[in-house]
Amino acid sequence: MRIAVTGASGLIGGALVPALQADGHDVVRLVRRTPRTADEHRWDPQHHRIDPSVLADVDAVVNFAGTPIRPRPWTRGYKDSLLRSRIDSTETISEALAAAATADPDRRRVLLSASAVGYYGDTGERPVTEDDPAGTDFLAQICARWEASTAPAADAGVHVALLRTGLVIGRKAMLMQILGLVFRLGLGGRMGSGRQYWPWISLRDEIDAIRFLLTADVTGPVNLTGPAPVTNAEFTRRLGAAVSRPTVLAVPGFAISLALGEFGRSSVLAGQRALPTVLQEAGFAFTHTTLDDALRAALAGG
């Protein structure tokens, strides 16, 4: 297959591109800077610009473009960047794919477009599947509008899957870098009540799920999460055990909210017990079925 990838320099994109190449695929990386290699092509999602010829002969696009969500206060400008970067990039890709599909309707085309489990908002202890509705907080509404931006491609007959990714567990993941340092210093512990669910997935399974969905007969939302989500209290206990450090210094919810504002309330103190129902029903087999498995792989360099 000829596959275009946006966000190829990020955590997931950086691991996905070599995996696809190892599978024998021809990978095109879409970049916003001047291309440096023959497999890079420039695009300008902010102004909805992309050379139509770039996607004319691709079989699939994996779209992970967007401003990273960071543990920092959310100013109005930053929130606008989070939203616009996702909408602009997804609309640009979807419209270009729709044009390619209209010109060549007999060719099967796939769009795997990033989203997040934040789509569901804070769902407490209730198990969540792809059939559940969107939440009402800012992150949930970003995800809803992000996913809706794929409509031009879907309307043109492109097979669109919406990747609602959980917390990715990998050595270079921001989550692991920050928490790993804190826990190695013996300063780790549950955050807030600790009862909020953190739906994790190993980086290996994230990449393998994307590879699987390129050819699977699956469209619509897909939860990219491990089969056994855990609470924050359990997550921190398991991470502490993995690095042989105590986890007794709980961080009060008010302190997280005061320091990180809306990010803290939406991404740290809230949670989703999201289950990978669609993936499992489609026949996907996880490599890391428990958090312990995923943590061991990440700490070993995976």
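All values below come from the heavy atoms of this structure, side chains included, with hydrogens, waters and symmetry mates left out.
No donor-acceptor pair under 3.5 Å is formed between the side chain of R32 and the backbone N or O of D44. Under a 3.5 Å cut-off, the side chain of T236 and the backbone N or O of A233 do form a donor-acceptor pair. Judged by distance alone, with hydrogens and angles left aside, the side-chain atoms of D132 form a donor-acceptor pair with the main-chain N or O of T129 at under 3.5 Å.
Residues S113 and E147 have side chains not in contact (no heavy-atom distance under 4.5 Å, counting atoms from C-beta outward). Using a 4.5 Å cut-off on side-chain heavy atoms (C-beta onward), H159 and R108 make contact. Within the 4.5 Å cutoff, no side-chain heavy atoms of Q196 are placed close to those of T231. Put simply, the side chain of I210 reaches to within 4.5 Å of the side chain of F64, judged on heavy atoms. Side-chain contact between V61 and I3 is absent, with no heavy atoms from C-beta onward closer than 4.5 Å.
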Pairs of donor and acceptor atoms involving the side chains of residues 136-143, under 3.5 Å and at least two apart or interchain, shall be tabulated with distances.
residue : atom : partner : partner atom : Å
D137    : OD1  : L139    : N            : 3.3
D137    : OD1  : A140    : N            : 2.8
Q141    : NE2  : G135    : O            : 2.7

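Under the 4.0 Å criterion applied to side-chain N and carboxylate O atoms, R36 and E40 are not assigned as salt-bridge partners. Ionic pairing of D23 and R211 is present here: one or more N-O contacts between side-chain nitrogen and carboxylate oxygen are shorter than 4.0 angstrom. For the pair D59 and R109, the salt-bridge criterion is not met [side-chain N within less than 4.0 Å of a carboxylate O]. With respect to R76 and D80, no salt bridge is recorded, no charged nitrogen being found less than 4.0 Å from a carboxylate O.
Only one option out of R86, K79, R84 pairs with T67 in a side-chain contact (heavy atoms from CB on, under 4.5 Å); it is R86.
In the displayed structure, R2 atom CZ is contacted under 6.0 Å by more than 12 heavy atoms of other residues, nucleotides or ligands. R195 CZ: 12 or fewer foreign heavy atoms inside a 6.0 Å radius. Heavy atoms from other residues, nucleotides or ligands lying under 6.0 Å from CD of Q21 number more than 12. More than 12 heavy atoms of other shown residues, nucleotides or ligands fall within 6.0 angstrom of atom CZ in R107.
Taking every heavy atom of both residues into account, A282 and F212 meet most closely at O-CZ, 3.3 Å. Taking both residues in full, the closest heavy atoms of I93 and T6 are given as CD1-CG2, 4.0 Å, listed atom of the first, atom of the second, then distance. Across L203 and G170, no two heavy atoms sit closer than the pair CB-CA, 4.2 Å. Pairing each heavy atom of S94 with each of L111, the nearest pair is OG-CD2, 3.7 Å. In plain terms, the two heavy atoms of L112 and V110 that are nearest each other are CD2-CG1, 3.6 Å.
In this structure, the separation between OH on Y119 and CG on N223 is 10.5 Å, given to the nearest 0.5 Å. In this structure, CZ in F235 is found 6.5 Å from CG in L167, a value given to the nearest 0.5 Å. The distance from atom OG1 of T90 to atom CH2 of W146, rounded to the nearest 0.5 Å, is 7.0 Å. In this structure, the separation between NE2 on H288 and CH2 on W200 is 8.5 Å, given to the nearest 0.5 Å.
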Assess the residue pair D39 and T37 against the criterion (side-chain hydrogen bond (donor to acceptor under 3.5 Å, both in side chains)); give the C-alpha distance rounded to whole Å, side-chain angles, the decisive distance to 0.1 Å, and a yes or no. CA-CA 6 Å; D39 66 342; T37 59; 2.4 Å; yes
